[in-house]
K.L.:
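To start, I am sharing the structure in question, which I have written as structure tokens.
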Number of protein chains: 2
Amino acid sequence: MATARRDPLTLEVVELIGTVVARYYEEYEQAAAQHALTGAQARVLRLLSLEPLPMRRIARNLKCEPSNVTGIVDRLEARGLVERRPDPADRRVKLAAPTEKGLATAEQLRDSLDFAREPLAGLTAAERETLRDLLQRMVGESAA
Amino acid sequence: MATARRDPLTLEVVELIGTVVARYYEEYEQAAAQHALTGAQARVLRLLSLEPLPMRRIARNLKCEPSNVTGIVDRLEARGLVERRPDPADRRVKLAAPTEKGLATAEQLRDSLDFAREPLAGLTAAERETLRDLLQRMVGESAA
DNA sequence: TATTGTTATACTCTATAACTATA
DNA sequence: TATAGTTATAGAGTATAACAATA
């Protein structure tokens, strides 16, 4: 298996992945902007819509410094999309949780992410399965 | 063909694409940082390594406002990676072009983008071909 | 008049370092 | 003493608006 690295085929696939990434990112930002959110704010809102989290955990997920999360959550909180709750188990911890409005926004956001579904519509179910399997092996099975 | 949108399979693929995008982006920034470049600077340098371009064209490619390009090119120029040249055909235009050092850096940058090659090593040539074809159809054939 | 690049301004994201309140 | 969250600071990317030079 592990041979090719700079062969034309591999480079072609790498190029295509770059194109997909650029398009995905662009449309994600655009979807966020439709709700007057930045990309980072939209990502945090999506994350919290799955489960309330301590600030520290948000930073780890976003792969940024905890100090940055303070501002992002501040802005989401100022817009009534998120709230900070105390953690009964540890008084140092603040749990960020979406409000009802925040949950509704997160759902709308999810729906507007047609970008990734739209192009898939051109593939048959069998092809989507193949794509899923190949991507899974690329990502390393342990995809979330 | 165009039926499924919210079926489990499609959503699974969308999720996987999101994972690939996050990983690609992260590793791109990391590769850029190894050369003390930001992601935006690395993207501009890569773009110019293909062909010198007017500031306006860079903005269009990055999908940002032209005023932002001024600063990014300023910083690349300050590091001796890029230079501004007059356009003989139109004296309003400034062509941004990589220096030799800039070209060398762009090439190193390209090489350090193993992130997208590494995971592909686990796929056979036939599988990479299949992946290429499916991605090409997603992207719409007209990939760069 | 329209276009190219720039400047000025304001906001967000980012990392670093220092601070506070808990543990 | 270690950890969670915050504040302060500085640099970079971003959009908007206004400007000079050129077309």
Side-chain angles (χ1 to χ4, degrees), chain A residues 22 25-48 52-79 81-97, chain B residues 22 25-48 52-79 81-97:
Chain A
Y25 230 77
E26 179 196 339
E27 305 210 25
Y28 192 92
E29 296 284 325
Q30 193 177 311
Q34 280 170 5
H35 296 272
L37 294 171
T38 65
Q41 288 164 9
R43 279 186 285 279
V44 169
L45 188 56
R46 183 193 77 79
L47 185 62
L48 297 180
L53 289 175
M55 306 296 279
R56 214 83 183 181
R57 290 280 304 278
I58 300 175
R60 197 144 54 84
N61 191 291
L62 258 65
K63 296 181 206 306
C64 74
E65 293 301 313
S67 59
N68 301 325
V69 178
T70 298
I72 298 172
V73 169
D74 278 352
R75 290 179 272 277
L76 287 171
E77 196 166 31
R79 300 216 2 224
L81 300 171
V82 156
E83 63 183 12
R84 275 181 248 233
R85 300 178 189 158
D87 182 341
D90 186 336
R91 293 196 310 182
R92 290 175 303 181
V93 172
K94 287 176 190 167
L95 292 170
Chain B
Y25 229 78
E26 178 196 340
E27 305 211 23
Y28 192 93
E29 297 283 326
Q30 192 178 312
Q34 281 170 6
H35 297 272
L37 293 170
T38 65
Q41 288 165 9
R43 279 187 285 278
V44 169
L45 188 56
R46 183 194 75 81
L47 185 62
L48 297 180
L53 290 175
M55 304 297 280
R56 214 84 184 178
R57 291 280 305 279
I58 299 174
R60 197 144 54 84
N61 189 289
L62 258 65
K63 297 181 203 309
C64 74
E65 293 302 312
S67 59
N68 301 325
V69 178
T70 299
I72 298 171
V73 169
D74 277 353
R75 288 180 274 275
L76 286 172
E77 197 167 30
R79 300 222 354 229
L81 299 171
V82 157
E83 63 183 12
R84 275 178 250 234
R85 302 177 189 157
D87 181 341
D90 186 337
R91 292 197 308 181
R92 291 173 302 181
V93 172
K94 286 176 190 165
L95 292 171

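Hydrogens, waters and symmetry mates play no part in the numbers below; they use all other heavy atoms, side chains included. Order of the sequence lines fixes the chain letters, A, B, ..., with proteins taken first and strands second; residue numbering starts at 1 for each chain.
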K.L.:
Quick one: A:Asp87 CG to C:dA23 P, roughly how many Å, whole number?
P.N.:
10 Å
K.L.:
So, does A:Arg57 get its side chain near the phosphate of D:dA4, meaning an N or O under 4.0 Å from OP1 or OP2?
P.N.:
no
K.L.:
OP1 or OP2 of C:dT3 less than 4.0 angstrom from a side-chain nitrogen or oxygen of B:Arg92, does that happen here?
P.N.:
no
K.L.:
Using whole Å, report how far CD of A:Gln30 lies from C1' of D:dA15.
P.N.:
15 Å
K.L.:
Is the phosphate of C:dA23 approached by A:Arg91 (side-chain N or O, under 4.0 Å from OP1 or OP2)?
P.N.:
yes
K.L.:
For the side chain of A:Thr38, starting at C-beta, report the closest nucleotide among C:dC13, D:dG5, D:dA15.
P.N.:
C:dC13
K.L.:
Within this structure, what is the CG-to-P distance between A:Asn68 and C:dC13, rounded to whole angstrom?
P.N.:
9 Å
K.L.:
Roughly, in whole Å, what's the span from CD in A:Glu29 to C1' in D:dG13?
P.N.:
11 Å
K.L.:
Assess whether one donor atom and one acceptor atom, taken from the side chain of B:Thr70 and the base of C:dT7, lie less than 3.5 Å apart.
P.N.:
no
K.L.:
Should B:Arg84 be listed as having a side-chain N or O under 4.0 Å from OP1 or OP2 of C:dT6?
P.N.:
yes
K.L.:
Show, in sequence, the C-alpha distance, side-chain angles and deciding distance for B:Val44 and B:Val69, and conclude whether the side chain to side chain contact (heavy atoms under 4.5 Å, CB included) test is met.
P.N.:
CA-CA 9 Å; B:Val44 169; B:Val69 178; 5.8 Å; no
K.L.:
Rounded to the nearest angstrom, tell me the gap between atom CG in B:Leu53 and atom P in C:dT4.
P.N.:
14 Å
K.L.:
Need to verify one output field. Residue with the more 5' nearest nucleotide on DNA chain D, A:Lys94 or B:Lys63?
P.N.:
A:Lys94
K.L.:
Tell me the interatomic distance from B:Arg43, atom CZ, to D:dG13, atom C1', rounded to whole angstroms.
P.N.:
10 Å
K.L.:
Does a distance-only test, which skips hydrogens and angles, find a donor-acceptor pair under 3.5 Å between the side chain of A:Ser67 and the base of C:dT16?
P.N.:
yes
K.L.:
Starting from P on C:dC13, measure out to CE on A:Met55 and report it in whole angstrom.
P.N.:
12 Å
K.L.:
Can you find a pair of side-chain heavy atoms, one from B:Ile58 and one from B:Ile72, that are under 4.5 Å apart?
P.N.:
no
K.L.:
Do B:Arg46 and B:Arg43 touch side chain to side chain, with heavy atoms closer than 4.5 Å?
P.N.:
no
K.L.:
More 5' along DNA chain C: A:Asp90 or A:Ala40, using each one's nearest nucleotide?
P.N.:
A:Ala40
K.L.:
Within the 4.5 Å heavy-atom criterion, are B:Arg79 and B:Leu37 side-chain neighbours or not?
P.N.:
yes
K.L.:
Is a donor on one side and an acceptor on the other found under 3.5 Å between the side chain of A:Arg85 and the backbone of A:Pro52?
P.N.:
no
K.L.:
Rounded to whole Å, please give me the gap between CD1 in B:Ile72 and P in D:dA15.
P.N.:
10 Å
